[in-house]
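The shown structure was predicted, so the numbers you read here are calculated from the model rather than taken from an experiment. Order of the sequence lines fixes the chain letters, A, B, ..., with proteins taken first and strands second; residue numbering starts at 1 for each chain. These numbers come from the heavy atoms of this one structure, side chains and all, not from hydrogens, waters or symmetry mates.
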Protein chains: 2
Amino acid sequence: MSGSYKIGSLAKASGVSVETLRFYEKQGLLPEPNRSESGYRLYPESARNQVEFILRAKAVGFSLKDIAGLLDLEVNREQETCQTVKRFAEEKLMEIENKIQELQQMRTALKQITDACCGGPLPASHCTILTALADGHPDKEKQHATY
Amino acid sequence: MSGSYKIGSLAKASGVSVETLRFYEKQGLLPEPNRSESGYRLYPESARNQVEFILRAKAVGFSLKDIAGLLDLEVNREQETCQTVKRFAEEKLMEIENKIQELQQMRTALKQITDACCGGPLPASHCTILTALADGHPDKEKQHATY
DNA sequence: ATAAACCCTGTAGCTAACTATAGGGTCAAG
DNA sequence: CTTGACCCTATAGTTAGCTACAGGGTTTAT
């Protein structure tokens, strides 16, 4: 009745590997469960929710370290304010937005030099992509080289 | 006179550390330079361009491994076609775009649950952020809890 | 001539989030 | 009673891109 399952079942139920569960435990993301006489981990039903908390937090961009922090908040909900939690989340949001911007810059730069390339079956002797990387400026009508 | 400089100057000139240069050499991104009698690396002028090639390629999202590939292309430009080079670049472009999408999804999800949070100075007992992570659905008017 | 600044090799460490391996013990089925 | 599936710990390896020693030799400036 008190559903208490072993690590293999929890792993299957939550879609992660047994090793990952032990790893999360070592990282403090999962509480140490009770043990059977022979030392097997015995998880309560709630363990699955806790793993899923971790997975959802990961999915929205939190690192495991962040998640440990979130779980601390979660555990003493009463002692924390919404403000604290929201700040935490907003900081992460900004990190994500920064990463997006960085990648968008990369995309723009790479697209520019890629679009300029003929892509034809001829030797790449004058390939604009390689030239752009070598010279540091995309195309631009024959800027006579400075190096 | 044939400007041949030592690793420290190259490092300074190209804005990377000495260790990084040696590291790039070990990774095959920089050709092994000549050595002085005492075994010091002596770089030709062109070395700086090669380092800058690497840095620019990095800046547009290529990994060092990718760059090794690009340098192979660059070296045998005559033997390669623009097609090959362009495909290479387009593949990378797609990777970048995929990463952007992934991050945008994260941003949307995180923004949604963050916006729903009052952010007030009251205890986080019912904080919507923590609840969303715990339950797996953002807000939604009082879906009676399952945990 | 001596000290600082530079160079060398080789190896180890760092972060992140696992994954794998070695070398065991336990449990259920047939 | 043995086989196979499962569990345990502890340690090492993975990828990426460096960074930091340790323990030397060389060059340069004073």
Side-chain angles (χ1 to χ4, degrees), chain A residues 4-30 32-44 47 50-71 92 95-96 99 102-103 106, chain B residues 4-30 32-44 47 50-71 92 95-96 99 102-103 106:
Chain A
S4 91
Y5 41 135
K6 286 183 282 177
I7 199 168
S9 332
L10 176 57
K12 209 169 253 176
S14 48
V16 303
S17 79
V18 165
E19 291 77 28
T20 298
L21 289 176
R22 286 195 281 245
F23 173 72
Y24 285 169
E25 183 180 322
K26 238 185 301 182
Q27 302 303 111
L29 299 181
L30 289 174
E32 297 189 12
N34 292 329
R35 300 292 187 120
S36 74
E37 277 185 16
S38 50
Y40 287 17
R41 288 171 180 81
L42 293 178
Y43 294 96
Q50 298 184 42
V51 176
E52 284 169 357
F53 181 105
I54 296 171
L55 298 180
R56 274 188 295 263
K58 253 170 50 103
V60 297
F62 288 104
S63 69
L64 297 193
K65 214 175 155 194
D66 293 333
I67 297 171
L70 279 175
L71 284 165
K92 211 62 207 173
E95 280 176 37
I96 292 173
K99 264 190 216 163
E102 214 180 293
L103 283 170
M106 284 187 192
Chain B
S4 89
Y5 42 138
K6 285 184 281 179
I7 198 168
S9 332
L10 177 56
K12 209 169 253 178
S14 48
V16 303
S17 78
V18 165
E19 292 77 29
T20 299
L21 289 176
R22 287 196 280 246
F23 172 72
Y24 284 169
E25 183 181 322
K26 237 185 300 180
Q27 302 303 113
L29 299 182
L30 289 175
E32 298 190 10
N34 292 329
R35 300 293 184 118
S36 75
E37 278 185 13
S38 50
Y40 285 18
R41 288 171 179 81
L42 293 178
Y43 294 95
Q50 298 185 40
V51 176
E52 284 169 355
F53 181 104
I54 295 170
L55 297 180
R56 274 188 294 265
K58 252 170 50 103
V60 296
F62 289 103
S63 69
L64 297 193
K65 213 174 156 195
D66 293 333
I67 297 172
L70 278 174
L71 285 166
K92 211 62 207 173
E95 278 176 37
I96 292 173
K99 263 188 217 165
E102 213 180 294
L103 283 170
M106 281 187 195

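- Nearest to the side-chain atoms of B:R41 among the listed nucleotides C:dT9, D:dC18, C:dT19 stands C:dT9.
- Distance, A:Q27 CD to C:dT15 P: 12 Å, rounded to whole Å.
- Rounded to an integer number of Å, the gap from B:E25 CD to C:dC7 C1' is 13 Å.
- Listed pair B:R35 / D:dT26 fails the phosphate criterion, with no side-chain N or O lying under 4.0 Å from OP1 or OP2.
- Distance, B:Y43 OH to C:dC6 C1': 14 Å, rounded to whole Å.
- Note that the CD atom of A:Q27 and the CD1 atom of A:I67 stand 11.0 Å from one another [nearest 0.5 Å].
- Note: CG (A:L42) to C1' (C:dC27) measures 13 Å, nearest angstrom.
- Here B:R22 lies in heavy-atom contact (under 4.0 Å) with a base.
- Note on A:K26: a base of the nucleic acid sits closer than 4.0 angstrom, heavy atoms only.
- Distance, A:K6 NZ to D:dA5 C1': 9 Å, rounded to whole Å.
- Inter-residue side-chain proximity for B:V60 and B:I96 is flagged as unmet; no heavy-atom pair is nearer than 4.5 Å.
- For D:dG25, its base sits under 3.5 Å from the side chain of B:Y40 at one donor and acceptor pair at least.
- Nearest nucleotide to the side chain of A:S63, out of D:dC7, C:dA17, D:dT19: C:dA17.
- Rounded to an integer number of Å, the gap from CD1 of B:I67 to P of D:dG17 is 8 Å.
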Next item on the list: Show your working on side-chain contact (heavy atoms from CB on, under 4.5 Å) between B:L64 and B:F23 and close with a plain yes or no.
Entry: CA-CA 11 Å; B:L64 297 193; B:F23 172 72; 3.7 Å; yes

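- For the OP1/OP2 pair of D:dG17 and a distance below 4.0 Å, the side-chain nitrogens and oxygens of B:Y24 include no atom meeting the criterion.
- When the nucleotides D:dC8, C:dA20, D:dT28 are ranked by their closest atom to the side chain of A:E19, C:dA20 comes out on top.
- Map A:S38 and A:T20 each onto its nearest nucleotide of DNA chain C; the residue landing nearer the 5' end is A:T20.
- Contacts of B:S36 with the nucleic acid, taken as non-hydrogen atoms under 4.0 Å apart, are absent.
- Rounding to whole angstrom units, CG of residue A:N34 and P of D:dC8 are separated by 13 Å.
- Salt-bridge check for B:E25 with B:R22: failed, with every basic side-chain N at 4.0 Å or more from each acidic carboxylate O.
- For B:K58, whose side chain is taken as the heavy atoms from C-beta onward, the closest listed nucleotide among C:dC8, D:dT27, D:dG17 is D:dG17.
- Distance NZ (A:K65) to C1' (C:dA17): 14 Å, rounded to an integer number of Å.
- Nearest nucleotide to the side chain of B:I7, out of D:dC8, C:dC8, C:dC18: C:dC8.
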Exercise for review: Check step by step if side-chain contact (heavy atoms from CB on, under 4.5 Å) holds for A:L42 and A:R35.
Suggested key: CA-CA 5 Å; A:L42 293 178; A:R35 300 292 187 120; over 6 Å; no

